[in-house]
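Encoded as structure tokens, the structure appears first; notes follow it.
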Amino acid sequence: MSKAGIPPRQILSSLRQSNPNVQAIAKTVYNMKAKFCREYLNGRTMIQALMDELSIGGFIYNFKHDAEGHLTHLFFSHPISMALTKSFSSVFVMDCTYKTNRYKMPLLDIIGVSCFNTSFYSCFVFLRKEEEEDYVWALTMFSNILGVDCQPSAIVTDRELALMNAVRIVFPKSANLLCVWHIEKNIVAKCKPQFEEGTHWDSFMSDWSKVLNSKTEAEYDENIRQFEYSCMEKPSVVNYIKNTWLPFKELFVTAWTDLHMHFGNRVTSRAEGAHSTLKAYLQVSTGDLVEVKKKICLAVENQFQEIKSKLSSEKVRVPHHLHIPLFRNLITRVSVFTLDKLYKQTEIAKSRVELPPCTGHFVQSMGLPCAHEIRFRFSDGLPLDIINLRWRLDTRSFLDGDITQNYEEDSFKQLLHELERKYQEWPLSKKEIVRKQIEHFIRASDTILYEPQITSHKGRPSSSKTKGEATSTKRDPSAFEIIEKRKRCGTCKCYGHNSRTCKSKGEDLGSNTQSRTIGIHGDEI
């Protein structure tokens, strides 16, 4: 139960349910957990135990340390994650999360997307800082998993300039898309206080939504012109949009993003959900890296079993409404999510007499035929070869042997075979030099690593009253959440006060009192 991450209080409750007479208290459970930890370490430090687990467990990992030997960066990917990453290497979402470990190191999650439109953990990177060189190192390690010739079609991030620069350096052929949800929430935080009435704010967001969803560059030019005209009285808002977001319009406006194969991924909500799932396993933010790694493995393994079960299920069962002649070549060979997307395009092709001109965006961004092409294939059915390989089920198995294999093993064996062949041809002097070099590599002692140094976060240190928050994994509220929770007056519709303390209400009452002065004979003047 400890290995499964069950808290001591629940372990004790389970023991008492199975045996009401058990002579154990909470201290007993904590003592046993401490004993397990001592037996596990067996004289090793936490960092030594972590490195042993990563090497024995078949992980791909790497690390960096400072001049004093303190760990500063740690990259690792589970063997299961490596198999999923190799299988679904088209789109990835990247984002950092915090409050996961006692060293207060940011954790970069790289999240992949399966053919079922579900998320999976690709790899994890503990960073010392969130600067460009840190991200470049992390993405270079990630690139080694994908392979030299493999470049994702799209990488989705928020507006983290250091991470964006690193993506441009390591993956120059990949499209870096910005999360439209984060853009909207940043606009809420910066611009909403400038609007006093809710109707004006709703109109502003409607105009901005038109800019985001512009289908062509000409439509974008028209929508941005209309947006600037409607916000003429708010120059600070227009300047913020122009200076902060419009320089990156090619990374989030539909007219440009749909030219890349992103398979419908334009937000980083997958990463936010993955953060939440991981923190549910972690429970507290005070664990060491060994404990965090174990909880991560639990999350990865459970996630993989769900994907594997879904793969087996969809190879034999498909919803009844998708059993149509048009899909006879696709059923059980592509995912149900793919069939649903095609079914919607089929309904569009059937419901409209004349379709609007084809922009090619759906085909380009999703790797699937659009309503225009489907209309011409009603009688023949859709062939399997026009479906992007990413959506296919018949090419995937995820057998145990495939999961545990080492992707670098074959190339390493080839090098050893080549070395053995060359060794037989070399003179004795060169053989002696090579033999000594090999012995040096084998007998070289490992680097002595120490635990990362704890760096305090910015801001006021937590006091005794907020001790619970210091161990919590719950993130701090974002700026837009603070703005959206602000009190709004029911009288003047302004923020920062309520109707009881509204000044305009007092002025209205004063004017009404003066206008209703009572005369001597009791008549209103």
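No experiment lies behind these values; they were computed from the predicted model shown. Just the heavy atoms: all of them, side chains too, but no hydrogens, waters or symmetry mates, feed the values below.
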Worksheet item: Does a side chain donor of either Thr85 or Ser122 reach within less than 3.5 Å of an acceptor in the other side chain?
Response: yes
Discussion item. I'd like to know if the side chain of His275 reaches the main chain of Ala271, judged simply by a donor and an acceptor atom lying under 3.5 Å from each other, with no hydrogens or angles considered.
Written reply: yes
Discussion item. Let's go through Phe126 and Phe63 carefully: what are the C-alpha distance in whole Å and the side-chain angles of both, what is the deciding distance for ring pair (Phe, Tyr, Trp, His ring centres under 6.0 Å) to 0.1 Å, and is it a yes or a no?
Written reply: CA-CA 9 Å; Phe126 289 99; Phe63 60 87; over 10 Å; no
Discussion item. For the NZ atom on Lys431, are there more than 12 heavy atoms of other groups (residues, nucleotides or ligands in this structure) within a distance under 6.0 Å?
Written reply: yes
Discussion item. Students often mix this up, so state it plainly: with edges at 30° and 60°, are the rings of Phe227 and Trp208 parallel, tilted or perpendicular?
Written reply: tilted
Fill in: Distance-only donor-acceptor check, side chains Arg270 and Asn265, under 3.5 Å
yes
Practice prompt. Give a yes or no on this: more than 12 heavy atoms of other residues, nucleotides or ligands lie within 6.0 Å of atom CD of Glu420.
Written response: no
Worksheet item: Using a distance-only test with no angle check, is there a side-chain donor-acceptor pair under 3.5 angstrom linking Arg266 and Thr254?
Response: yes
Discussion item. Just so I know, are the side chains of Lys293 and Leu54 near enough to count as touching, which here means a heavy-atom distance under 4.5 Å?
Written reply: yes
Item to complete: May I ask you to check whether over 12 heavy atoms, not counting those of Lys249, lie within 6.0 Å of atom NZ?
Response: yes
Worksheet item: Can Arg102 and Thr286 be counted as having a side-chain donor-acceptor contact under 3.5 angstrom?
Response: no
Item to complete: Determine whether the side chains of Tyr135 and Asn165 contain a donor N or O and an acceptor N or O closer than 3.5 Å.
Response: no
Practice prompt. Evaluate the criterion side chain to side chain contact (heavy atoms under 4.5 Å, CB included) for residue pair His182 and Glu272; output intermediate values, then yes/no.
Written response: CA-CA 11 Å; His182 273 92; Glu272 302 294 339; 3.5 Å; yes
Worksheet item: Heavy-atom count around Lys315 NZ within 6.0 Å, excluding the residue itself: above 12?
Response: yes
Fill in: Lys129 atom NZ: more than 12 heavy-atom contacts under 6.0 Å
no
Worksheet item: Between Glu53 and Tyr40, do the side chains contain an N or O donor and an N or O acceptor separated by less than 3.5 Å?
Response: yes
Discussion item. Can you see whether Tyr220 engages Trp256 through a side-chain donor-acceptor pair at a distance of less than 3.5 angstrom?
Written reply: no
Discussion item. With a 6.0 Å cut-off on the ring centroids, do His78 and Phe59 count as close?
Written reply: yes
Discussion item. Testing Asn62, Ile47, Leu127, Leu50 one by one against Leu74 for a side chain to side chain contact (heavy atoms under 4.5 Å, CB included), which residue passes?
Written reply: Leu50
Worksheet item: Judged by modelled atom types alone, do Lys279 and Thr97 share a side-chain donor-acceptor pair under 3.5 Å?
Response: yes
Practice prompt. Describe, in one word, how the ring planes of Tyr450 and His70 are oriented to each other, choosing from parallel (under 30°), tilted (30 to 60°) and perpendicular (over 60°).
Written response: tilted
Item to complete: Please assess Phe75 against Tyr61 for the test ring pair (Phe, Tyr, Trp, His ring centres under 6.0 Å), listing each intermediate value before the final yes or no.
Response: CA-CA 5 Å; Phe75 171 95; Tyr61 71 99; 9.4 Å; no
Worksheet item: Between Lys436 and Glu439, does a salt bridge (charged side-chain N to carboxylate O under 4.0 Å, His left out) hold up when you go through it step by step?
Response: CA-CA 5 Å; Lys436 288 182 178 180; Glu439 289 178 355; over 6 Å; no
Item to complete: For the pair Phe88 and Phe120, name the ring-plane relationship: parallel under 30°, tilted 30 to 60°, perpendicular over 60°.
Response: tilted
Practice prompt. Tell me, yes or no, whether the heavy-atom count around Leu161 atom CG, taken from other residues, nucleotides or ligands under 6.0 Å, exceeds 12.
Written response: yes
Worksheet entry | Exercise: do Asp95 and Thr157 side chains pair donor with acceptor under 3.5 Å | no
